[in-house]
Structure formats: structure tokens, C-alpha cells
J.: 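Take this structure first; my questions come after.
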Amino acid sequence: MPTTTAVMPQLRVLFTREQIAQRVAELGEEITRDFTGQSIIFVGVLKGASIFLGDLARQVKLDATFDFISVASYGAGTKSSGEVRLNKDVDSSMADKNVILVEDILDTGLTMGFLRKLFLAHQPRSLKIAALLDKASRRLEPVHADYVGFVIPDEFVVGYGMDYAERYRNLPEICVLPPELQ
Ligand code: IMP
Ligand code: MG
């Protein structure tokens with residue numbers, strides 16, 4: 001099977017599918033341990049977290065359900081404006097649930113900071129954040145993820161659910177998008 005970089009040589013692979021699968025399995029084991037004997041609800045942030053949520057959930061050996069929200073931060077391109085708007089709310093009640101918010105990337109933390117406040121207002125039994133990637137050096141709001149796949153430097157990444165202008169979400173690897181393509 002040709003790799004992404006054979007098809008799109010401009011992209012540099014940061015994490016291979018094997019590295020991602022290994023780390024996601026570890027996170028799944030951690031969540032399984034932390035919530036033994038309890039049920040959980042995964043709440044994915046559309047669309048970027050969809051593939052991570054699907055893989056993570058299948059590594060968690062617990063009674064679990066899914067829900068999804070959609071947020072938009074005003075502004076386009078690769079920079080978040082910091083102003084967050086809820087486009088789609090959850091379908092089910094979060095009250096007294098063990099909620100795991102699943103996000104692709106923690107960048108400035110503004111999106112997750114907004115979501116954390118919103119979800120805490122619904123009085124869940126517990127609220128955890130799972131982020132596949134953490135650009136820790138870019139944080140503006142002090143948001144801490146309980147489950148982090150990889151801490152990465154300040155580079156724009158695509159693939160494994162993550163996009164640039166809606167493209168590249170279907171790449172199986174996590175790749176760096178060079179500035180000339182942004
Ligand atoms: P924050 O509010 O700055 O933490 O923004 C988080 C959101 O910005 C993530 O959920 C992503 O949708 C998007 N984002 C940040 N960095 C990247 C990246 O490198 N590639 C793709 N999306 C990104
Ligand atoms: Mg996102």
C-alpha cells in the first residue's frame with residue numbers, strides 16, 4: 001500500500017499509523033482502569049476528533065455511549081480567533097454521567113476552556129478531557145487534558161481526522177503541513 005508521503009511528497013509524517021495505534025491503545029487501557037465498574041459517555045468534538053474517538057472507544061473495555069458536539073471558532077485558516085460558538089449541542093443529558101470530552105488538538109486551549117465550563121454547568125459526575133495531540137507551548141488558557149496522545153511542537157498538522165480547509169482528514173498518518181500549503 002503506498003504511504004501518504006509517496007502520494008503527497010510535500011507532507012512529512014510526524015506519527016505513523018502504528019505509532020498512533022500503539023498510543024491510542026495505551027490511552028484506552030488507562031481509561032478502562034480509571035473507570036472500572038462504571039459507564040462512560042464519549043463526547044466527540046466534530047469533525048476532527050471523529051477518527052480518534054472511533055479508535056479510542058474500541059480500546060476501552062467499559063459500558064460506553066457516544067455523543068457529539070460541533071463548535072466553530074470565528075476566523076479561518078490556521079489561527080483560532082478565541083471566540084467560540086456552539087453549532088451543535090449534545091443529544092443526551094450529561095447530568096451525573098462520567099463524561100470524556102474527546103478532542104483532536106489542544107492548541108490555545110480556548111475551545112476546551114469554553115467546553116469545559118459549558119459541560120461543568122450540566123453537573124456531570126466527572127468530566128475528563130482526552131486530546132490526541134497537545135501543542136502545550138501555545139496555550140493561552142490553562143486547560144489540562146487528562147489523557148494526551150502526544151505533545152507536539154508548534155507546527156500545523158493534518159490527517160487522522162484533522163484538516164486544513166476540510167482536506168486531509170482521511171490520511172491514516174499524522175503529517176505536518178508545510179507553511180507554503182497553508
Ligand atoms: P484552540 O481553541 O486554539 O485550542 O483550538 C483547537 C482547535 O484548533 C482544534 O480542535 C483544531 O480543530 C484546531 N487546530 C489547532 N491546531 C491545529 C492543527 O495543527 N491542525 C488542524 N487543526 C488544528
Ligand atoms: Mg477541532
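As the structure lists them, so they are numbered: ligands from 1, and atoms in each ligand from 1. When reading the values below, keep in mind they use all heavy atoms of this one structure, side chains included, and skip hydrogens, waters and symmetry mates.
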J.: Measuring from Arg139:CZ to Leu110:CG, what's the distance to the nearest 0.5 Å?
T.: 10.0 Å
J.: Taking only heavy atoms of Glu155 into account, list the atoms of ligand 1 that are under 4.0 Å away from them.
T.: 19 (O)
J.: Test side-chain contact (heavy atoms from CB on, under 4.5 Å) on Phe52 and Val24; report intermediate values, then the result.
T.: CA-CA 8 Å; Phe52 175 43; Val24 171; 4.0 Å; yes
J.: Establish, from distance only, whether the side-chain atoms of Glu18 and Gln22 form a donor-acceptor pair under 3.5 Å.
T.: no
J.: Give the numbers and elements of all ligand 1 atoms closer than 4.0 Å to a heavy atom of Thr108.
T.: 1 (P), 2 (O), 3 (O), 4 (O)
J.: Determine, using heavy atoms of Lys135 and all atoms of ligand 1, whether some pair is separated by less than 4.0 Å.
T.: yes
J.: Show which atoms of ligand 1 fall inside a sub-4.0 Å distance from at least one heavy-atom site of Asp163.
T.: 21 (C)
J.: For the CD atom on Glu155, are there more than 12 heavy atoms of other groups (residues, nucleotides or ligands in this structure) within a distance under 6.0 Å?
T.: yes
J.: Mark the output for Asp104 as yes if a heavy-atom distance to ligand 1 is under 4.0 Å, and as no if none is.
T.: yes
J.: I'd like to know if Glu30 pairs up with Arg33 as an ion pair, taking the criterion as any Lys NZ or Arg NE/NH1/NH2 lying under 4.0 Å from an Asp or Glu carboxylate oxygen.
T.: no
J.: Using a 4.0 Å cut-off to any heavy atom of Leu110, which atoms of ligand 1 qualify?
T.: 2 (O), 4 (O)
J.: At under 4.0 Å between heavy atoms, is it the side chain or the backbone of Glu103 that contacts ligand 1, or both, or neither?
T.: side chain
J.: With respect to Val157, determine whether any N or O atom, backbone or side chain, lies less than 3.5 Å from an N or O atom of ligand 1.
T.: yes
J.: Relative to atom 4 (O) of ligand 1, which among Gly48, Gly109, Gly161, Gly159 owns the nearest non-hydrogen atom?
T.: Gly109
J.: Does the residue Leu177 have a heavy-atom contact with ligand 1, meaning some pair of atoms that are separated by less than 4.0 Å?
T.: no
J.: Does the side chain of Leu181 come within less than 4.5 Å of Tyr168's, by heavy atoms?
T.: yes
J.: Side-chain contact, heavy-atom cut-off 4.5 Å: Met112 with Leu101?
T.: yes
J.: Any atom of ligand 1 sitting under 4.0 Å from a heavy atom of Arg139?
T.: no
J.: Heavy atom to atom 2 (O) of ligand 1, shortest distance: which of Val71, Thr111, Val84 holds it?
T.: Thr111
J.: Test side-chain contact (heavy atoms from CB on, under 4.5 Å) on Ile31 and Lys128 and set out the steps.
T.: CA-CA 10 Å; Ile31 293 172; Lys128 303 280 184 196; over 6 Å; no
